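Sequence lines set the chain letters: A, B, ... in the order given, protein chains first and strands last, and positions in each chain run from 1. Note that this is a predicted model, so its numbers are computed, not measured.
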There are 2 protein chains.
Amino acid sequence: MRSIRYQQIAEALRERALAASPGSVLPSEAELSQEFKASRVTVRRALELVRDEGLIAARQGFGWFVAIEPLRQRLERLGTIEAQLEGSGMHAGRRIVEFEFVAAPAHVAAVLGAGRVLRVKRVNLADGDPFAVVTVWCPAELGQKLSMADVEQHPFYELVDRELRGATQTIGADSAESVEAALLGVPVGSPLLRCRRVTTDTDGHPVLMSEHLFPAHRTEFVVDLPHDEPSSMPTGLRLVE
Amino acid sequence: MRSIRYQQIAEALRERALAASPGSVLPSEAELSQEFKASRVTVRRALELVRDEGLIAARQGFGWFVAIEPLRQRLERLGTIEAQLEGSGMHAGRRIVEFEFVAAPAHVAAVLGAGRVLRVKRVNLADGDPFAVVTVWCPAELGQKLSMADVEQHPFYELVDRELRGATQTIGADSAESVEAALLGVPVGSPLLRCRRVTTDTDGHPVLMSEHLFPAHRTEFVVDLPHDEPSSMPTGLRLVE
DNA sequence: CCATCAGACTTGTATTATAGTTGTCTACAT
DNA sequence: ATGTAGACAACTATAATACAAGTCTGATGG
């Protein structure tokens, strides 16, 4: 495969920026040019690429430096959906729609590395009204001990016999198919917010996959990007009127 | 049965494209021509065949590379989608649709605290194809110095004469109205990812408001929750009355 | 002590040049 | 219809160079 020089250099600069402490200055473009054995133009192009990603910044006559707090994680302490609903004086409920051991679909098997999985489909309720359809795939060995009553009364992460740590979720949109439309009480074809989440344990191995579908007219996802002062808006998914 | 050479080559290219990571660059047509012992025209026919299937793409003077589908945005940094495009070997472009000084709509005025604003509507292009409609509202006093050429060639946050610090994004979904559908080249009523962003300066004062609309089938947002206590919900949920 | 200024060093922005790549065409062979 | 060979234009990445403009430092002179 052919390689693009300035992308290689950009990758090296990214690592360096993440390793260094915020505010520290990078070598001059001339020095970097010698170090990478590339022309100053090429080095600059790499620097500008990383700058546009927000990791570094420059001041004319001064130099390049690692940007201040490029990645502050503000998504850390967030109450569960249940707590927020109860806090708002609403009653959170769950209704089980499916509870089956099935052969894992390809995209699930690829991530979890399990042939058979427990698939649970639930409808989340706020004061009796449905606001989310959640499907969870869980390796069969972990799901063996779970009952329908368990998954109806407890969040999934309390039930799995593993210590969970992190998650990656991808947020997208879809049109409502007939099944989800009926469960959520919205017209077929209306827009849905879709969150696919892969939850990993303390070793970083994927443990759970889940798909959350929200009616778009009631839900929004709020993300704070690096601030100095805390904003008035909390981070997370929220229901809108 | 006689075998068609360029179809054999196309099959080999498909395998290679699926094995390689998106954005990686294929060998040049001349090199592939040597490798498959076929003329450049034949190799090209194979490449164009695979391109029309959406697996790979090319830029004149640059080369062939594995296409990216769907387009993923990472939310941790205050970077632009353009930076991620360039980092993937694609070419980012902009087309101005509107450039007007108007009275601020209520929800904009409430946040920016400005009566008159500059409203700029742009279509973002990836290798010539539209992938986003972006509307930016900017207080008139800040927009006074900006020209259409400015906003066509630079990201907005580079043009504003304030040091920006953070942003709050609200991600939701919508159905495509006729205007946006036409600009994005998607059917009316198809799902869109909507991202409303309020950008603030170092003092925490709101400076810019923007709305980004993405076709749902091409775009996803990715959020990492590294050391979060997982709940059954994507992150947190907030009810708004 | 303090202000000032020259010079070294830095980024920002051009220009020119070259090798390599895709895009496109024509001519010809099987 | 399919494949080969070649030529040319348009574009890209990279190099080399030059110069403008901003920043820092240290010497100088009061």
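- Distance CD (Glu29(A)) to C1' (dA16(D)): 15 Å, rounded to an integer number of Å.
- With dT4(D), dT12(D), dT23(D) as the choices, the nucleotide that has an atom nearest any side-chain atom of Phe62(B) turns out to be dT12(D).
- Mapped onto DNA chain D by nearest heavy atom, Gln7(B) and Arg59(A) fall at different nucleotides, with Gln7(B) at the one closer to the 5' end.
- Residues that satisfy the salt bridge (Lys or Arg N to Asp or Glu O under 4.0 Å) test with Arg194(B), not counting sequence neighbours, are Glu220(A), Asp174(B).
- Val25(A) pairs by the side-chain contact (heavy atoms from CB on, under 4.5 Å) definition with Phe62(A), Phe65(A), not counting sequence neighbours.
- Rounded to whole Å, the distance from CD1 on Ile9(B) to C1' on dT2(D) is 12 Å.
- With sequence neighbours excluded, no residue forms a salt bridge (Lys or Arg N to Asp or Glu O under 4.0 Å) with Arg5(A).
- For Glu11(B), the salt bridge (Lys or Arg N to Asp or Glu O under 4.0 Å) partners two or more places apart in sequence, or in a different chain, are Arg14(B).
- At whole-Å resolution of the value, CZ in Phe65(A) and C1' in dT23(D) are 13 Å apart.
- By the side-chain contact (heavy atoms from CB on, under 4.5 Å) test, Glu180(B) pairs with Glu177(B), Leu192(B), Leu213(B), sequence neighbours left out.
- Rounded to a whole Å, the CZ atom of Arg45(A) is 7 Å from the C1' atom of dA13(D).
- At the phosphate of dT4(D), OP1 or OP2 sits under 4.0 Å from a side-chain N or O atom of Thr42(B).
- The NZ atom of Lys37(A) sits 17 Å away from the P atom of dT14(D) (whole-angstrom rounding).
- First and last contacts of DNA chain C with chain B, using any nucleotide atom under 4.0 Å from a protein heavy atom and ordered 5' to 3', fall at dG20(C) to dT24(C).
- To the nearest angstrom, P of dT2(D) lies 5 Å from OH of Tyr6(B).
- With Ser210(A) contributing its side chain and Thr135(A) its backbone, the two residues share no donor-acceptor pair below 3.5 Å.
- One finds no side-chain N or O of Arg5(A) lying less than 4.0 angstrom from the OP1 or OP2 phosphate oxygen of dA15(D).
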Atom pairs and distances, side-chain donor-acceptor, residues 98-116 of chain B, under 3.5 Å, sequence neighbours left out:
{"residue": "Glu98(B)", "atom": "OE1", "partner": "Arg119(B)", "partner atom": "NE", "Å": "3.1"}
{"residue": "Glu98(B)", "atom": "OE1", "partner": "Arg119(B)", "partner atom": "NH2", "Å": "3.1"}
{"residue": "Glu100(B)", "atom": "OE1", "partner": "Arg119(B)", "partner atom": "NH2", "Å": "3.0"}
{"residue": "Arg116(B)", "atom": "NH2", "partner": "Phe101(B)", "partner atom": "O", "Å": "3.1"}

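- The salt bridge (Lys or Arg N to Asp or Glu O under 4.0 Å) contacts involving residues 207-216 of chain B comprise Arg196(B)-Glu211(B), where partners must be two or more places apart or lie in separate chains.
- One atom, CG of Leu32(A), and another, P of dT14(D), lie 16 Å apart when rounded to the nearest Å.
- Not counting sequence neighbours, the partners of Glu48(A) by the salt bridge (Lys or Arg N to Asp or Glu O under 4.0 Å) test are Arg44(A).
- End-to-end axis angle of the helix from dC1(C)-dG30(D) to dT30(C)-dA1(D), from C1' rotation axes over five pairs per end: 10° (rounded to 10 degrees).
- Side-chain nitrogen and oxygen atoms of Arg44(A) include none within less than 4.0 Å of the OP1 or OP2 phosphate oxygen of dT14(D).
- Taking Leu32(A) as the reference, Leu13(A), Arg16(A), Pro27(A), Glu35(A), Phe36(A), Val43(A), Leu47(A) meet the side-chain contact (heavy atoms from CB on, under 4.5 Å) condition, with sequence neighbours excluded.
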Provide a list of protein-nucleic acid N or O atom pairs under 3.5 angstrom, restricted to nucleotides 17-21 of chain D.
{"residue": "dA21(D)", "atom": "N3", "partner": "Gln60(A)", "partner atom": "OE1", "Å": "3.2"}

